[in-house]
Amino acid sequence: QVQLVESGGGLVQAGGSLRLSCAASGRTDSNYCMGWFRQAPGKEREFVAAISWTFGTITYADSVKGRFTIFRDNAKNTVYLQMNSLKPEDTAVYYCAADLSIRHSPLKDRIAYDYWGQGTQVTVSS
């Protein structure tokens, strides 16, 4: 079992920045991938970024490359999503997820992820 708790969402103007956090608990071996997904109203949940906790490899969606950065703090079992140059189209509920398989490269498919956080709202005003 893995429990995920997100924080850091909020309202920001276009061009601004936010940092999301996802604290993981309940599993101590850290052999899994952590991902961020987002879901805007009326749209499918989509992949944003993910990191392999074991190998450190990172994958981004094309829409956020160069603007978002995913990174981890091993000591705190926490993964972060630094979001810069935010756009109104980034507005969504952002979810943290854990894939308990050991993978060299994290997957973009949400079906691969076993546990999900409750989500945190990010709103970018124009």
Side-chain angles (χ1 to χ4, degrees):
Q1 283 277 358
V2 177
Q3 292 78 45
L4 304 172
V5 178
E6 301 107 330
S7 60
L11 173 64
V12 64
Q13 288 188 332
S17 299
L18 281 175
R19 178 179 292 182
L20 305 183
S21 301
C22 175
S25 61
R27 178 164 166 161
T28 58
D29 60 6
S30 299
N31 288 322
Y32 47 82
C33 295
M34 295 289 291
W36 287 97
F37 290 76
R38 66 187 182 187
Q39 188 166 17
K43 293 189 176 181
E44 296 279 325
R45 190 171 298 188
E46 64 174 6
F47 172 79
V48 176
I51 183 169
S52 166
W53 210 278
T54 307
F55 298 99
T57 47
I58 292 171
T59 302
Y60 292 102
D62 289 343
S63 59
V64 305
K65 280 181 182 176
R67 301 188 298 124
F68 291 11
T69 302
I70 187 171
F71 60 99
R72 61 188 179 178
D73 183 329
N74 289 354
K76 295 182 179 179
N77 266 355
T78 299
V79 64
Y80 301 89
L81 185 68
Q82 177 66 42
M83 305 185 293
N84 298 330
S85 301
L86 283 161
K87 304 174 181 179
E89 51 264 44
D90 294 318
T91 295
V93 177
Y94 283 70
Y95 296 91
C96 176
D99 169 7
L100 299 187
S101 300
I102 299 175
R103 306 184 194 275
H104 183 270
S105 297
L107 299 180
K108 298 182 179 182
D109 191 342
R110 64 179 185 264
I111 296 177
Y113 291 79
D114 306 287
Y115 294 94
W116 294 82
Q118 80 285 357
T120 185
Q121 177 70 47
V122 171
T123 303
V124 184
S125 63
S126 57

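- Ring geometry for H104 against F55 counts as tilted: the plane angle lies between 30° and 60°, on a 0 to 90° scale.
- What you find for W53 and N74 is that their closest heavy atoms are NE1-OD1, 3.2 Å.
- The distance from atom CE of M34 to atom CD1 of I58, rounded to the nearest 0.5 Å, is 13.0 Å.
- The minimum heavy-atom distance between G9 and V122, with the atom names listed, is CA-CG2, 4.2 Å.
- Summarising the geometry of Y94 relative to L20, their closest heavy-atom pair is CB-CD1, 3.5 Å, with the distance given to 0.1 Å.
- A distance of 5.5 Å separates SG in C22 from CD in E6, rounded to the nearest 0.5 Å.
- For G26 against Q3, the heavy-atom pair with the smallest separation is CA-OE1, 3.6 Å.
- Every residue two or more places apart in sequence or in another chain that forms a ring-ring contact (aromatic ring centres under 6.0 Å, His included) with Y80 is listed here: F71.
- Note on M83 and F47: separate hydrophobic clusters, where clusters join Ile, Leu, Val, Met, Phe, Trp and Tyr whose side-chain heavy atoms are under 4.5 Å apart, directly or indirectly.
- At least one side-chain heavy atom of T91 sits under 4.5 Å from a side-chain heavy atom of Q121.
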query = Hey, mind stepping through V12 and T123 against side-chain contact (heavy atoms from CB on, under 4.5 Å) and telling me if it holds?
reply = CA-CA 6 Å; V12 64; T123 303; over 6 Å; no

request  = Let me see the working for K65 and D62 under salt bridge (Lys or Arg N to Asp or Glu O under 4.0 Å), right down to the final yes or no.
outcome  = CA-CA 5 Å; K65 280 181 182 176; D62 289 343; 3.2 Å; yes

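- Between T57 and P106 there is a side-chain heavy-atom pair separated by less than 4.5 Å.
- Counted within 6.0 Å of CD on Q118, heavy atoms from surrounding residues, nucleotides or ligands total more than 12; the atom is thus considered enclosed.
- For the atom pair E46 CD and K108 NZ, the distance stands at 11.0 Å (nearest 0.5 Å).
- Y115 and V93 fall into different hydrophobic clusters, where Ile, Leu, Val, Met, Phe, Trp and Tyr side chains are chained together by heavy-atom contacts under 4.5 Å.
- When all heavy atoms of R38 and A92 are compared, the pair lying nearest together is CB-CB, 3.8 Å.
- Summarising the geometry, atom CG belonging to D90 is positioned 11.0 Å from atom CG belonging to N84; distances are rounded to the nearest 0.5 Å.
- Two different hydrophobic clusters hold Y113 and W36 under the rule that ILVMFWY side chains link at heavy-atom gaps under 4.5 Å.
- We find the CG-CG distance between L4 and N77 to be 10.5 Å, quoted to the nearest 0.5 Å.
- Listed for the R110 side chain is a donor-acceptor partner under 3.5 Å among the backbone atoms of R45.
- The minimum heavy-atom distance between R72 and S52, with the atom names listed, is NH1-O, 3.3 Å.
- Cluster annotation: Y95 is not connected to V48 through the hydrophobic network of ILVMFWY side chains, with a link wherever side-chain heavy atoms come within less than 4.5 Å.
- R67 contributes atom CZ, which lies 4.5 Å from atom NZ of K87 (distance to the nearest 0.5 angstrom).
- Under the 4.5 Å side-chain heavy-atom criterion for grouping Ile, Leu, Val, Met, Phe, Trp and Tyr, I70 is connected to V2 within one hydrophobic cluster.
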